[in-house]
Amino acid sequence: MATPAIHCRVECADRKAHLFAVTLTIAAPAALQRVALAAWIPGSYLLREFSKNLQQLRALQGRRRLAVRQHDKCTWDIACTPGKPLVLRYEVCAYDNSVRTAWLDADRGFFNGTSLCLQVEGQVDTPHALEVVAPPPVADGARWSCATALQPTRVDRQGFGSYLAASYDELADSPVEMGPFWSEDFEVCGVPHRFVVAGAPASFDGARLIADTRAICEAQMRFWHGDKVGKRGGPKPPHDRYVFMLNAVDDGYGGLEHRRSTVLICTRRDLPQLGARKQSEGYTTLLGLVSHEYFHTWNVKRLRPAEFARYDYGRENYTQLLWLFEGFTSYYDDLLLRRAGCIDDATYLRLVNKTINQVLQTPGRLVQSVAEASFDAWIKYYRQDEQTPNTTVSYYTKGALVAMCFDLTLRSEGKGSLDDVMRLLWKQSDGGPIAEADVAAALEAVGGRSFAREMASWVHSTDELPLSDLLRLHGVAALDDPAQRAQELGLRVAETGGSVQVKVVLRGGAAEQAGFSANDEWIGIELPAAKGRPAQAWRLARLDDLALYLGPLRKATALVARDRRLLRLPLSLPANVTTWRLFAQDPAKMAAWLHPR
């Protein structure tokens with residue numbers, strides 16, 4: 001095998017200082033060689049400016065040190081002798097313990113290529129070698145291992161050594177996990193898989209996690225490729241290997257998809273525990289995350305927006321299709337949990353119920369369409385503030401409900417299902433870029449009619465979705481339940497240390513009408529004198545105290561602290577504020593949806 005023209009060597013330079021050392025060797029540079037560090041990472045639509053963590057960039061040809069001129073925030077130029085190897089050395093501060101960037105300390109190392117590896121202009125499509133150097137052992141510390149989905153070329157038993165990426169894109173899309181992690185290999189439809197878990201406590205039930213993950217992966221393989229996937233003469237999955245990387249922490253949640261791997265983060269309490277008789281709600285959420293990111297192996301990493309056919313790592317890459325690639329994935333993550341047998345029907349309905357109420361309690365759904373929310377992800381979804389629920393809607397949650405509406409509509413008309421639409425899109429695009437017109441054509445091909453009206457209403461307008469009617473057709477009824485106190489008032493609060501802190505005031509709610517504002521501290525309430533009762537004032541420690549102090553009364557004066565000023569706000573509690581509660585009215589009809597043959 002020929003030596004790759006680009007070689008990136010990564011060392012743990014100083015684990016106490018959280019510093020990686022990187023040596024990038026360019027075998028045949030241009031006379032004026034430009035290099036750049038990514039400003040964002042695909043799958044997380046925000047400019048994170050990874051170059052802020054790069055320092056001490058130096059350039060050498062042989063023993064001659066060359067000048068490095070910074071061109072902009074993330075790009076550098078080096079004038080050099082063309083064709084003679086150019087060596088760049090630099091450090092990266094790795095202090096972001098998330099799935100998006102890089103982390104290094106005495107217990108764990110992790111990085112995405114977008115955070116550490118410079119892009120070499122003019123050579124992004126050439127093979128890249130990644131060499132990960134094993135750090136020296138820490139006194140009394142466990143021996144580290146290394147995990148990545150890149151193709152190994154020369155590695156030791158712990159996984160340290162050299163790997164090959166076909167291009168910069170593959171290098172950027174292949175995260176690396178290092179440390180004394182737990183690891184287990186398993187096979188799904190003939191494809192080798194690996195699950196590594198960092199930070200797991202002694203109570204962690206690894207066998208349970210592997211069994212459930214295998215069931216999820218098998219269900220998704222069959223979803224996309226049929227029951228013969230992986231068998232002799234049957235269809236082959238698009239990936240020949242896959243690695244799950246899970247970081248268990250005290251407080252955290254999230255995931256980021258890659259072509260042959262995913263990076264996950266969860267709280268340690270959400271891991272499956274040895275001897276547990278009942279599956280915890282947190283573990284169900286973790287399995288939903290596993291399902292979501294694995295579904296992305298097909299839906300967004302291969303089948304993807306036409307605008308993502310080639311990433312520009314230096315600026316925003318806009319698309320109106322995140323409702324499809326994130327929203328539809330959010331629909332199928334829990335649905336495929338049910339089909340895999342990891343949850344029961346009641347649990348699935350509870351998860352759907354939660355999604356519906358999240359959307360209905362977001363006033364921004366009446367302000368912005370889900371297509372507009374997709375386009376604005378760069379400035380709204382990933383930059384949330386106290387007005388976010390009032391001005392935008394999540395393309396994850398509403399997108400999931402749009403998917404459900406398409407699925408239930410197709411099923412009720414007897415022409416097919418959204419499953420058929422997704423598989424048709426995969427087949428017709430050969431697992432590649434698509435546009436909205438392709439989605440519309442696939443819906444029409446499966447449904448036997450145009451869905452232009454539904455696309456306009458559900459995707460491109462702020463019309464309410466016909467959820468209740470469609471669910472009823474499939475054996476699920478929706479009842480109105482009294483809202484919880486925060487929902488009744490139109491508030492989102494934090495209750496800590498005996499104090500009620502207002503985080504969000506929802507548009508059109510009772511709290512907004514009273515004059516509440518985000519960042520207020522709600523101290524207490526005043527009640528006027530009434531027959532047989534003097535005037536009263538009570539301090540609030542939590543919103544539930546209102547029921548105790550108000551009783552049947554619907555009006556009071558709220559005592560609020562804002563910027564050190566004490567305010568008296570006239571509050572009227574609204575009547576008949578409700579939320580949805582779903583239940584299985586006709587289990588046979590529901591089974592035809594949840595368990596298709």
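Here the structure is a predicted model, which is why all the values come from computation and not from measurement.
With ring centers used as reference points, Phe328 lies 6.0 Å or more from Phe325. Taking the centre of each ring, Tyr294 and Tyr242 come in below the 6.0 Å mark. Taking the six-membered ring for Trp and the full ring otherwise, the centers of Tyr311 and Trp40 sit less than 6.0 Å from each other. A distance below 6.0 Å separates the ring centres of Trp378 and Tyr45. Between Phe20 and Phe111, the ring center distance clears the sub-6.0 Å criterion.
Formation of a donor-acceptor pair under 3.5 Å by the Asp385 side chain with backbone atoms of Thr388 is found in this model. A distance-only check finds a donor-acceptor pair linking the side chain of His18 to the backbone of Leu104 [under 3.5 Å]. A donor-acceptor pair is defined here as one N or O able to donate and one able to accept, closer than 3.5 Å; no such pair exists between the side chain of Glu307 and the backbone of Ala435. A donor-acceptor pair under 3.5 Å is formed between the side chain of Arg302 and the backbone N or O of Thr297. Side-chain atoms of Asn112 come within 3.5 Å of backbone N or O of Thr101 as a donor-acceptor pair. A donor-acceptor pair under 3.5 Å links the side-chain atoms of Thr126 to the main chain of Gln123, judged by distance alone.
A cation-pi arrangement is not found for Arg194 relative to Trp182, the charged atom failing to lie both closer than 6.0 Å to the ring centre and inside a 45° cone about the ring normal.
Atom CZ of Arg492 sits in a crowded spot, with more than 12 heavy atoms from other residues, nucleotides or ligands closer than 6.0 Å. Asp430 CG: 12 or fewer foreign heavy atoms inside a 6.0 Å radius. At most 12 heavy atoms of other shown residues, nucleotides or ligands fall within 6.0 angstrom of atom OH in Tyr95. Atom CD of Gln70 sits in a crowded spot, with more than 12 heavy atoms from other residues, nucleotides or ligands closer than 6.0 Å. Atom CZ of Arg143 has 12 or fewer neighbouring heavy atoms from other residues, nucleotides or ligands inside a 6.0 Å radius.
Electrostatic pairing of Arg269 and Asp250 counts as a salt bridge here, judged by a charged N lying under 4.0 Å from a carboxylate O. Ion pairing between a basic and an acidic side chain is recognised when a charged N comes within 4.0 Å of a carboxylate O; Arg259 and Glu170 show no such pairing. Arg310 and Asp169 are joined by a salt bridge, as a carboxylate oxygen and a charged side-chain nitrogen come within less than 4.0 angstrom of each other. Salt bridge Arg69/Asp77: present, at least one basic N to carboxylate O contact under 4.0 Å.
Taking the salt bridge (charged side-chain N to carboxylate O under 4.0 Å, His left out) definition, one finds that Glu11 meets it with Arg9, sequence neighbours left out. Checked against side chain to side chain contact (heavy atoms under 4.5 Å, CB included), Phe375 has the following partners two or more places apart in sequence or in another chain: Tyr318, Gln320. In terms of the side chain to side chain donor-acceptor pair (under 3.5 Å) criterion, residue partners of Thr329 (sequence neighbours excluded) are, by chain and number, Asn299. With sequence neighbours left out, the salt bridge (charged side-chain N to carboxylate O under 4.0 Å, His left out) criterion links Arg241 to no other residue. Applying the salt bridge (charged side-chain N to carboxylate O under 4.0 Å, His left out) rule to Glu177 yields the partners Arg108; only residues at least two apart in sequence or on another chain are considered.
Residue pairs meeting the ring-ring contact (aromatic ring centres under 6.0 Å, His included) criterion with at least one partner in residues 148-176, sequence neighbours excluded, are Tyr168-Tyr313.
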